[in-house]
Every structure is written in structure tokens, then in C-alpha cells.
2 protein chains.
Amino acid sequence: MAQAIPIRKNSPLKASCHQCSLSNLCLPLAIEENELERLEDIVQQGRIFNRGEHIFDQSTPFRSCFAVKSGSIKTSIITEGGDEQVTGFFMPGELVGLDSMSGESYACTAKALERTSVCEFPIEKLEELTGKMPELQHHMYHLMSQEIQNSHQLAMLLSKNTAEERIAALLLSLSSRFQRRRLSPTNFSLPMARNDIANFLGLAVETVSRVFTRFQNQGLIRARGREVELLDVEALQTVTREFSRQGCQ
Amino acid sequence: MAQAIPIRKNSPLKASCHQCSLSNLCLPLAIEENELERLEDIVQQGRIFNRGEHIFDQSTPFRSCFAVKSGSIKTSIITEGGDEQVTGFFMPGELVGLDSMSGESYACTAKALERTSVCEFPIEKLEELTGKMPELQHHMYHLMSQEIQNSHQLAMLLSKNTAEERIAALLLSLSSRFQRRRLSPTNFSLPMARNDIANFLGLAVETVSRVFTRFQNQGLIRARGREVELLDVEALQTVTREFSRQGCQ
DNA sequence: CGTTGAGTTGAAAGAGATCAACCGAAGTGG
DNA sequence: CCACTTCGGTTGATCTCTTTCAACTCAACG
């Protein structure tokens, strides 16, 4: 695992949630301007991971949650059999590691899908802080609860929906998450490989590929490689009977 | 929704986590004997629901989490299309409603599968209390994190495993949860209908039925109706490649 | 005693997995 | 600089597990 960049107080590197463009999506969202410094005091900002590097590994000691600053992360569980199950994709402003707060070790592995920078929240300090700041505690409950809901939505998607519905749902989920960050909701680049999509959605890679081309032939999307353009969002919403990962914040 | 039984201080009905046989599974687990009273002060104990009654309903205002004292509960999401997705089964000692802490309304509906008694924890009071009691806060994080993990496990089960594996996994999960309560892990009565099992596991009822008889013919279980006896736990574990809902506490 | 609902069993149909081949881009190294 | 390899992605043909549709059993119950 990469080494943390040492942070000196008042250095240019000192954590600045104040100036972070994601402060309206991330933990700072929950707290007053004047209390922000207490959060800044515990966060280690600016750790960078290259594509493929692990932010943390399953079964290693659980120390911190991480907020994505830029780039993207995939989390996955590895079973004894060696099978991988992708449990989520995390974009800037989203918090990774909430599923690991029940034990002494990480419940999954987090891997950078591209060059990614994160803010690290050491768990003891975070717990201590949430104990003192009711709004922050409330926000943590909120985030964790949201994570449960997301996972339930995924379970529903996996158990009731066809391949087309699953993929449409994923595309729309990504779209809305790009939109939250004031990026184009119809024109973006998938951070993950077809393989990861397939694994996440419980499909074979071939099926994912087929559905992509089917959508393309129907004029719903245009895709070459990871570049995707949503041409008919309405139609995609129709394909997705009900699923919507309604904003992960 | 049923009405809460009014609680008077020092009445015989006053909440007594002290005497509750589930105190080693439930929230009291997290706190010292001498602090237990603070928890007892906020909990409303002894609400009873008959089979089929709703503990709470999706989209109604979120007020409380509930701990199961006796009986059992199923939670489910109803989609716009009217489809139901069972998201979980809850047994004595387990906490229901954690997925609703991210909004003002319940994210799912909780229904008693049999005559069920619950303890109610009003959310504002619970949050207030966890703010004062670090161990309790820690335990809440623990429980919510566990819930995320459970849901990930379910997602994995739904996306990678066959019907037989899913059902074996469910049987073993129930088994271990009975065992935690010092009940027989091999001889129990399913609280839920085949329909609920099928819905939960993303299968057709007929498939569930077929797998039950297949298991029976193979000598793995004996089942008549909801009465189940696990005859060969080892074999069931073999069937289940990896899944295990490793204790919901 | 007929009705109702849950559960079981059988036969046919379908969605997706699997197996296999192929393509193109990005290295790699002689 | 070009053959060679590798890897991610696409496409085709077959196969299989599960669903679906349908009929039937059984127990509870008014």
C-alpha cells in the first residue's frame, strides 16, 4: 500500500475541506463552516494512487475510511474460492470503507480504477469526532444507511431484472452521479472495464458486450470502448423498470 | 400501525434490558451494566404484533428502529410497479430499520411473520444517546456496517450462485442464527413462507420447492412444510461454495 | 363440504452462460 | 521498425439452468 504524504500543520498541504470543490458532497456537507477545522484536523488529504493500486486490502487491519477526491475506486470481495465479487464503484465525493466498520479488518478490497486521490479519515479519530458533533454523527448514519439501501437496490436488480435492465440502471446511475458533480450526464467515460461491469451486475462479459451493442443499434447510446454517450435517457429509464441508485450521498 | 403500549416509569412494564435474555445479542451488548438504565429510559418495550401486521410502512415518516424480542420480521421494498423485493429476515436480538436512517421516511416495510414482540428505539433519542456513549455509537456503526456486509453477501449470492447454493446458504444462515440463541441449529421451523424465500433469493417458488425436495432426496434435510431438520450440515456447507451470513450482530 | 391458499410436480420455453473464434490497440523486444 | 504477444472487447453457436404455465395435492376453515 502506498505511503501517506506527511502533513504538517499550516503547510500548503494541510487539509483544506474549506476549499475542496466536493465539500457539498462529502463529509463537510454535514457541518458548519466554523466547525470544519475540526474535521480538517483529522483528515489526511492528498494521497494519490495509480491505476490498479490498492487503497486497502481485504482482511488487513481496518484503520480508515476514505473519501474519493478525484478518480474512481472499485471495491470487491474475494471469496475463499478465489472468486471476485465487485460490490461497488465509488466516484468523487463518495465515502469508501463503511462496510468495514464492524470488525478489525477490511471487509473488502478497494482498488483505484484510474489515477485517484483520496482523503483518509482514521476511524478512531472519526468516531471520536462524531461523538462530539451530532450533525456529523447523523451524517455518518445517513451515509451508512444509504449504503445499505444501495446494496438492497443492487440485490433487487440482480434478483429481478434482465441484463438490459441492469445495464440501463448502471448507466443511469453513473449519469446522475456525474451530473451531481456538474459534469455532463450524457457524455462520459466509464472508469471501469466491461469485466467489472459484468461482475458487478452478475452477468457474463459477453452479455454486457451484447447489450451495449444492442443499445447502440437501438439508438439509445453510442459507445466506443469506455467512451459512452447517452442518446435517449428517457428510453433507458423505460428499460429500467424501477431501479435507481438515487444519489449516493 | 399498532399503537404503542404506554409505559410508566417503575411500572412492571418498564423496560428492562437488564433482565432481557437477548441482552447479549442486542444493543445492551455494547454498554456497561451501570449505563444500561440510560438505554432503558429511551426504549419502549413490549409492543406486540400479530402475524401479518406491519411494524412500519415504506414511505411513512421514519421514527424508530426496532429490536426483535420474539417472533420474526421480514422487510421488503415495494417498487412503483408493485413488485415486492424481500430485503431481509430478522430474528430475536436483531435490529430492524437501519436502512431507513438516511431519510425522513422508512425505506422498506417491516411485517411480522408470526406473533412478534419488539422493543422500539425512537431515533432522535437513540442518536442523542449514542452521541453521549461512545461504545454505543461504536456498536451502531458496527451493526450498520454488518448490515451492509450482509447485503453484499446477498448480492453475491444472487449474482453468482445457483438455486441450490442459495437455498443451502439460507438454511445455514438460519441455522447459525438459531444456534446463537441457544436453540437447535438442526431442527427448527421456518418463520417464512416458500414465497418469501423465493422472493428473497431471487427464485421462482417452484424452484424453491424443487430444491427442497431434491435436498430431501439426497438426505441433506428433512422437510415437511415449514418444519425443517438439517441432516447433513457438512454437505450443505459444501453445496454453499462460500456464502455465510456470518452472524448479524 | 366446498373454498381458499400454500406447496408440490411435470413439461415446455427462454434468457443468459459457456465455449470458441476473432479483432484491434498497446506494448515488447529483437 | 516490424513481428509477436497480450489483453480487453466483440460476435457467433450451442447448451443449461431456471422460469413459466399448468395441473394437482393437502390442510385449514367457514
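These values consider heavy atoms only, across backbone and side chains, with no hydrogens, waters or symmetry-generated copies.
- Note that the OG atom of B/Ser175 and the CD atom of B/Gln237 stand 8.5 Å from one another [nearest 0.5 Å].
- Residues passing the side-chain hydrogen bond (donor to acceptor under 3.5 Å, both in side chains) test with A/Ser184, sequence neighbours excluded: A/Thr186.
- Residues B/Asp57 and B/Thr60 form a side-chain contact, since some pair of their non-hydrogen atoms from C-beta on lies under 4.5 Å apart.
- Note on residues 209-220 of chain A: pairs passing salt bridge (charged side-chain N to carboxylate O under 4.0 Å, His left out), not counting sequence neighbours, are A/Glu164-A/Arg214.
- Salt bridge annotation for A/Glu94-A/Lys69: absent, with no cationic side-chain nitrogen under 4.0 angstrom from a carboxylate oxygen.
- Applying the side-chain hydrogen bond (donor to acceptor under 3.5 Å, both in side chains) rule to B/Ser159 yields the partners A/Gln85; only residues at least two apart in sequence or on another chain are considered.
- Listed by chain and number, the residues in a ring pair (Phe, Tyr, Trp, His ring centres under 6.0 Å) with A/Phe212 amount to none (sequence neighbours excluded).
- Each salt bridge (charged side-chain N to carboxylate O under 4.0 Å, His left out) pair with one or both residues in residues 193-208 of chain B, not counting sequence neighbours, appears once here: B/Lys74-B/Asp196.
- Where DNA chain C meets chain A (any atom under 4.0 Å from a heavy atom), the bounding nucleotides read 5' to 3' are C/dG16 to C/dA20.
- Here the side chains of B/Glu165 and B/Thr162 are in contact, with some heavy-atom distance below 4.5 Å.
- Sorted by first and then second residue, the salt bridge (charged side-chain N to carboxylate O under 4.0 Å, His left out) pairs involving residues 225-235 of chain A (not counting sequence neighbours) are A/Arg222-A/Glu229.
- Across all non-hydrogen atoms, the minimal contact from B/Met144 to A/Ile148 is O-CD1, 3.9 Å.
- Within the 4.5 Å cutoff, the side chain of B/Leu174 has no heavy atoms near those of the B/Leu172 side chain.
- Of all nucleotides in DNA chain D, those with any atom nearer than 4.0 Å to a heavy atom of chain A start and finish, going 5' to 3', at D/dG9 to D/dA13.
- Taking 4.0 Å as the cut-off between side-chain N and carboxylate O, B/Glu120 and B/Arg47 count as a salt-bridged pair.
- A heavy atom lying under 4.0 Å from DNA chain D marks the following residues of residues 201-210 of chain B, by number: B/Gly202, B/Leu203, B/Ala204, B/Glu206, B/Thr207, B/Arg210.
- Rounded to 10 degrees, the angle separating the terminal axes of the helix from C/dC1-D/dG30 to C/dG30-D/dC1 is 20°, with each axis obtained from five end pairs.
- At a cut-off of 3.5 Å, with distance as the only test, no side-chain donor of B/Arg166 or B/Asn161 sits close to an acceptor on the other residue.
- Evaluation of the ring-ring contact (aromatic ring centres under 6.0 Å, His included) test over residues 149-187 of chain A, restricted to residues two or more places apart or in two chains, returns A/Phe178-A/Phe188.
- In the region residues 211-219 of chain B, proximity to DNA chain C at under 4.0 angstrom, judged on heavy atoms, holds for B/Thr213.
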